[in-house]
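A short write-up of the structure that comes next.
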Amino acid sequence: MFCGVFSKMENMYLNKMNYKRLLKEDLDKPSKELSLYLLGKILVRKLKDETILKGRIVETESYLGGEDKGSNTFNGRRTAANEPMYMPAGTCFVYMTYGMYYCFNISSKEPGAAVLIRALEPIYGLEIMEKFRVGKRKGTNKLIKTSKLCDGPSKLCIAMNITKADFNKVDITDPENTAMWLEDDPEFDQEKIIVHTSRIGIASAGVEWANKPLRFYILNNDSVSKRDKKAEKDLESNDD
DNA sequence: AGTCCGATTCGCT
DNA sequence: GCGAATCGGACTA
């Protein structure tokens with residue numbers, strides 16, 4: 001990728017009109033419903049120097065409160081660290097995991113529940129995303145395929161420069177917040193097939209909750225973090 | 001493509 | 001102390 005040169009995808013994007021910013025009422029939905037609603041929506045990031053980065057949400061996971069053993073809020077647990085999950089729908093919840101990565105969630109309507117944004121299809125600002133991703137790694141300067149820039153919950157935080165310090169507890173629907181927001185894409189094909197499958201990385205929650213179909217992704221999208229071939233095959237056979 | 005492993009900080013017990 | 005909603009590199013095949 002060369003400086004100042006737009007990719008084909010970016011040029012396509014530039015020809016489109018501006019999309020509508022999502023409002024509080026758009027996100028005021030229970031976690032599972034919000035997970036599905038957010039698929040296809042555009043996450044927009046404006047850096048301090050006004051650089052714009054955009055990615056389409058292609059994979060989400062729901063974390064419920066109460067009974068959900070995979071959730072930080074299991075059994076009503078409420079601490080300073082998980083407080084954003086109890087805040088109004090549209091509140092960003094950014095936490096550190098494995099000592100070195102962030103995960104970005106958006107809280108949903110029910111107290112103690114949220115949606116983890118697991119993957120984006122990079123749409124705009126690819127060069128800058130790549131710079132953030134490559135810069136974070138030590139050693140190699142190897143280029144990263146566009147579809148691999150944001151194909152994981154922490155990769156997308158690096159590529160979009162989403163940090164806990166800047167975004168935890170921030171309302172993504174607040175018009176005053178011009179650093180990050182969500183946009184609708186009226187041209188997104190709502191008929192796209194959505195795969196419902198198990199969540200990633202919560203085996204220690206036990207099989208019952210680890211296996212619940214609370215992860216959702218767009219079928220055949222290259223930027224999905226982990227495909228479930230069995231679930232995809234089952235969809236196929238139901239489709240006849 | 002699948003599996004294994006080390007990195008590294010923080011919040012909870 | 002312990003373990004984590006992960007990632008990338010190394011290795012196998």
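Sequence lines set the chain letters: A, B, ... in the order given, protein chains first and strands last, and positions in each chain run from 1. These numbers were taken from a predicted model, which means no experiment stands behind them.
Heavy atoms of other residues, nucleotides or ligands lying less than 6.0 angstrom from NZ of A:K46 number more than 12. A:K32 NZ: 12 or fewer foreign heavy atoms inside a 6.0 Å radius.
A salt bridge (charged side-chain N to carboxylate O under 4.0 Å, His left out) check over residues 151-163 of chain A, counting only residues at least two apart or in different chains, returns the pairs A:K148-A:D151, A:D151-A:K155. For residues 57-66 of chain A, the side chain to side chain donor-acceptor pair (under 3.5 Å) pairs, not counting sequence neighbours, are A:S31-A:S62, A:S35-A:S62, A:E59-A:R118, A:E59-A:R215, A:E59-A:S225, A:E61-A:Y63. Residues in residues 85-107 of chain A take part in no side chain to side chain donor-acceptor pair (under 3.5 Å) pair, two or more places apart or across chains. Pairs engaging residues 189-202 of chain A under the side chain to side chain donor-acceptor pair (under 3.5 Å) rule: A:D68-A:R199, A:T197-A:D228 [sequence neighbours left out].
In this structure, A:K136 atom NZ and C:dG8 atom C1' are separated by 14 Å, rounded to whole Å. As rounded to whole Å, 16 Å separates atom C1' of C:dT6 from atom CZ of A:R199. A straight line from CD of A:E59 to C1' of C:dT6 spans 13 Å, rounded to a whole angstrom. Distance, A:R215 CZ to C:dA5 P: 15 Å, rounded to whole Å. Distance CG (A:L149) to P (C:dG8): 10 Å, rounded to an integer number of Å.
First and last contacts of DNA chain B with chain A, using any nucleotide atom under 4.0 Å from a protein heavy atom and ordered 5' to 3', fall at B:dG2 to B:dC12.
Side-chain nitrogen and oxygen atoms of A:K155 include at least one within less than 4.0 Å of the OP1 or OP2 phosphate oxygen of C:dG8.
Between the A:N82 side chain and the A:N72 main chain, a donor and an acceptor come within less than 3.5 Å of each other. Listed for the A:E10 side chain is a donor-acceptor partner under 3.5 Å among the backbone atoms of A:S7. Remark: the backbone N or O of A:E67 is paired with a side-chain donor or acceptor of A:W209 at under 3.5 angstrom. At distances below 3.5 Å, at least one donor-acceptor pair connects side-chain atoms of A:R21 with backbone N or O atoms of A:D174. A:R45 places no side-chain N or O within donor-acceptor distance of the main-chain N or O of A:I162, the cut-off being under 3.5 Å.
By the side chain to side chain donor-acceptor pair (under 3.5 Å) test, A:R78 pairs with A:E83, sequence neighbours left out. Under the rule for a side chain to side chain donor-acceptor pair (under 3.5 Å), the partners of A:K24 that lie at least two apart in sequence or sit in another chain are A:D171. In this view, A:D28 and A:A89, A:K109 satisfy the side-chain contact (heavy atoms from CB on, under 4.5 Å) rule, not counting sequence neighbours.
Contacts between residues 61-86 of chain A and DNA chain B, defined by a heavy-atom separation below 4.0 Å, involve A:R77, A:T79, A:A81, listed by number. For the segment residues 110-118 of chain A, residues with any heavy atom less than 4.0 angstrom from an atom of DNA chain C are, sorted by number, A:L116, A:R118.
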Report each atom pair, protein N/O against N/O of nucleotides 2-4 of chain C, whose distance is under 3.5 angstrom.
residue: C:dA4; atom: OP1; partner: A:S204; partner atom: OG; Å: 3.0

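Nearest-nucleotide positions on DNA chain C for A:I200 and A:R133 put A:I200 closer to the 5' end.
A distance of about 22 Å separates the C1' atoms of B:dC10 and C:dG8, rounded to the whole Å.
DNA chain C forms stems at B:1-7 with C:6-12, B:9-12 with C:1-4, each a run of 3 or more consecutive Watson-Crick or G-U wobble pairs whose two key distances fall under 3.5 Å.
Ion pair A:D26/A:K20 flagged as a salt bridge, since at least one NZ, NE, NH1 or NH2 atom sits closer than 4.0 Å to an Asp/Glu carboxylate oxygen.
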